[in-house]
Amino acid sequence: MTGPQPNNAPDDLTTGKKLQQAREALQLSTGAIARQLRLKLDIIEAIEADRWDCLPPVYLRGHIKNYAHIVGLDPAGLFDAGSEIASSPIDFQPCASVRKSLPLTEAQDYLKLATYLIVGTLGVLTAASWRTQDPDIPLPQESAVITNIPAAEPAPELALPAAQAKVTPEAAVPTETPSVSAEPLVAAITPPEAPVHPVIVTPLEDIARAATEELHRLVFELSGDSWTEVKDAEGVKLYSKLATEGQTIRLGGRAPFSVVLGNAPRVAVFYNGRLLDLTPWSRGGVARFKVGGEGAGEPR
Amino acid sequence: MLSRLRGFFSNDLSIDLGTANTLIYMRGKGVVLNEPSVVAIRQNSNHSNQKSIAAVGTEAKRMLGRTPGNITATRPLKDGVIADFTITEKMLQHFMHKVHGNRFLKPSPRVVVCVPCGSTQVERRAIRESAAGAGARDVYLLEEPLAAAIGAGLPVSDASGSMVLDIGGGTSEVAIISLNGIVFADSVRIGGDRLDDAIINYVRRNYGTLIGDATAERIKHTIGCAYPGDEVREMEVRGRNLAEGLPRSFTLNSNEILEALQEPLSGIVSAVKTSLEKTPPELASDVSERGMVLTGGGALLRDFDRLLKEETGIPVVIAEDPLTCVARGGGRVLELIDELGPEVLSLE
C-alpha cells in the first residue's frame, strides 16, 4: 500500500475546507480520521469548520499537520500567513495567582509598616496618658533612682567612661534603694561648688561586674597647657583634649592606662597617689607611656 | 560590583546545556548559538602535562574519533549532567564569549540554565558553579520539561494538564504541567546517544562491523524510524569489519534500524506510560483530549509520534522547531524574571 500523494488544494479554500475536500476525495469519514489521530470527533469537525477555539494553537497546529499527512496534503501550504493559528508566539504568562500575589506582597509590606506604626503610636499614647493620670506612681526605670546625698569627696573633674561610671571604693556611699543597699557601689562626680549631687544607682548586673574589676586612679596636675590623651585597658578614651594651666584632671578606670602628654615637663602625673617620673618616656616634650597593670611604666 | 558593571554590557542568556548540543538563546535576538557539546583538548608536548583547548563546538565535533594522539575530543556532559566540570566551564565560557562577540569587557550576563528534572542536587550545583565560573552574574536553574513546554507554546499557565516529552541527547524527560508547575515528572537516561549506541551494537552483532558514533548518528538521521512505515529506506554504510580488520561497506535498511532501536524506544514509552498512570485523573483527562507534545532532537526520529500514539492511545503532536524549544522557553522565563522577579517560576 502506498500512502496518499500530496496534492495541491485550491488556494482560495480555508484550511478546514482543504482538509475536508482531501478527506472526501479519499472517501474517508471524519470518524476514521478521528480514530487515526486518537482525537474526539467534534475536534475533527471543528477543524473542518475552521473553528480554532476548540484547542490551544500548538495542539491544533500539530493535529492539523497530522491530519494533512493522513489525507496527503502538504502541511506547509495549509496555513495562511495571516491566520491566527499560522504561528503563535510563546504566550507564557505567570498564572493568575502569581500575578495577584505580586502586588499583594508589596501591599503586605505597607500594611505591616502601617500596623507597626499604629501599634507603636497607641503604645506611646497609652504610656503618656498613664503618666499624666497617675503622677504618684513611680516610673519604672532600670538604672536611675535619684536621691540627694552629700558628696563623698569633692573632685573638680572626675571623668569616667560611660560604661564604667560606676564605682570607686572610696566614692561608694549607701543609697536609699533597698535593692542595692547591701553593696553600695556609686560613682560620685562632685565638683566643689556642687555640694549636693544626684547619685546614680547602677543595675545589679553592672554592680556585680564592677565589683570584680579593680579601678585605678590617675591624676594630672598641670602647670602649663598640655594636650592630654588617656585610654584605659579596653582602649576607651577617658580623656582627650587640651588641658589648660592650673587644671587638675582626675581619672579612674581599669589599668593599664595609655597616656600621651604634650608639654610633659609641665605636667605632674600621680598614679594611685604616687608621683610618676616622666623623664624616661619624654621625647621632644611629648611623653608616651603606659601606666598600671602589666607592662606599666613602659613607653608606648 | 565589577560584574554588575559588566552586566550592563552583557545580554541575558538562556542556555540549554545538552549532552549532544548546547543552545544559547539571547534576549531579543533568539537562538544565537547551536553547537555540539564537544571540546577538543590538546596535550602540549613541550610542556609537561599542560593541556589547552584545541577546539570547541562544531569544529571539535568534526575531530571526534579522528584525533591524533595529542588531541582528545570529549563530550563533557553525559546523561544530561556534567561529567567533566572544568571542561564544561571552559566550553560555556567559550560559547558565552562567542555570542557576545569581541568586546572590551568580559561578558557577565544573567543566565538561565535548563537542567534535567531527574538531576541530583550535586549535579545541579555543578551546573550552577560551572555557569558562574564561566562568567555568569546570576545563574537560575530551570527544569528542562518546563522550559520545553514554555518554548513549545503549551498553555502551561492554565489550570489544565499539558504533557510534554523532551527527548534529548542524554535523557528523556516527561512531565505533566499545570499552573506553571510540574505536577509529575520522570526522567530516564535514554536519549539520542543511547539510540546511537543501539545502532552501533546492532551493526556489530549482525554485520560483524564496527562503526563510529558519527556514522551511527548519520544512520539514525537518515533511515532511523520508530514505527514500521510504508516505505523502506536504505543506506550504504562503511565500517571496519571485525573479522578481517579491513573497512567494508554494507547496506542497512530502515526496518533493521527499527529493530535496533526497539530496546531504547521501549524504555521511553514505558516512562510515558508510567507518567500517565501517575497523573491525577483530571489532568490525565486533559492530556487525553489534547494530546502530548514532543520536543527535543528525539522528536525528529521518524514516526516516533506514531509509536507513542499507538502505544498510549493519546494524540501526539511534534512541537514546531523541537530542537530549540528548551532554549526558547528559558528565554521567555528570562523576560519574566525581569518583569516579575526570579520567584515567578520557583527558580532555583
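Computed over heavy atoms, backbone and side chain alike; hydrogens, waters and symmetry mates excluded. First the proteins, then the strands, lettered A, B, ... as listed; each starts at 1. Fair warning: this is a prediction, and the values are worked out from it, not measured in the lab.
Contacts of Glu289(B) classified as side-chain contact (heavy atoms from CB on, under 4.5 Å), with partners at least two apart in sequence or in another chain: Lys40(A), Ile43(A).
Heavy atoms closer than 4.5 Å to chain A are found in both the backbone and the side chain of Ser162(B). When heavy atoms are compared at a cutoff of 4.5 Å, Leu37(A) approaches chain B by way of both its backbone and its side chain.
Of all the heavy atoms in His63(A) and Arg290(B), the pair that sits closest is NE2-O, 2.8 Å.
Using a 4.0 Å cut-off between charged side-chain N and carboxylate O, Arg124(B) and Glu143(B) make a salt bridge. With salt bridges taken as basic N to acidic carboxylate O contacts below 4.0 Å, one links Arg110(B) and Asp12(B).
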- Message: Go through it in stages, so that I can follow the logic: the residues are Tyr25(B) and Arg332(B), the test is side-chain hydrogen bond (donor to acceptor under 3.5 Å, both in side chains), and I'd like the CA-CA distance, side-chain angles, deciding distance and then a yes or no.
- Response: CA-CA 10 Å; Tyr25(B) 176 97; Arg332(B) 176 65 186 131; over 6 Å; no
- CA sep, side-chain torsions, deciding dist, call: Ser254(B), Arg302(B), side-chain hydrogen bond (donor to acceptor under 3.5 Å, both in side chains): CA-CA 10 Å; Ser254(B) 55; Arg302(B) 192 184 303 269; over 6 Å; no
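We find the OH-CG distance between Tyr227(B) and Leu265(B) to be 13.0 Å, quoted to the nearest 0.5 Å.
For residues 305-315 of chain B, a heavy-atom distance under 4.5 Å to chain A picks out Asp305(B), Lys309(B), Glu310(B), Gly313(B), Ile314(B), Pro315(B), given by residue number.
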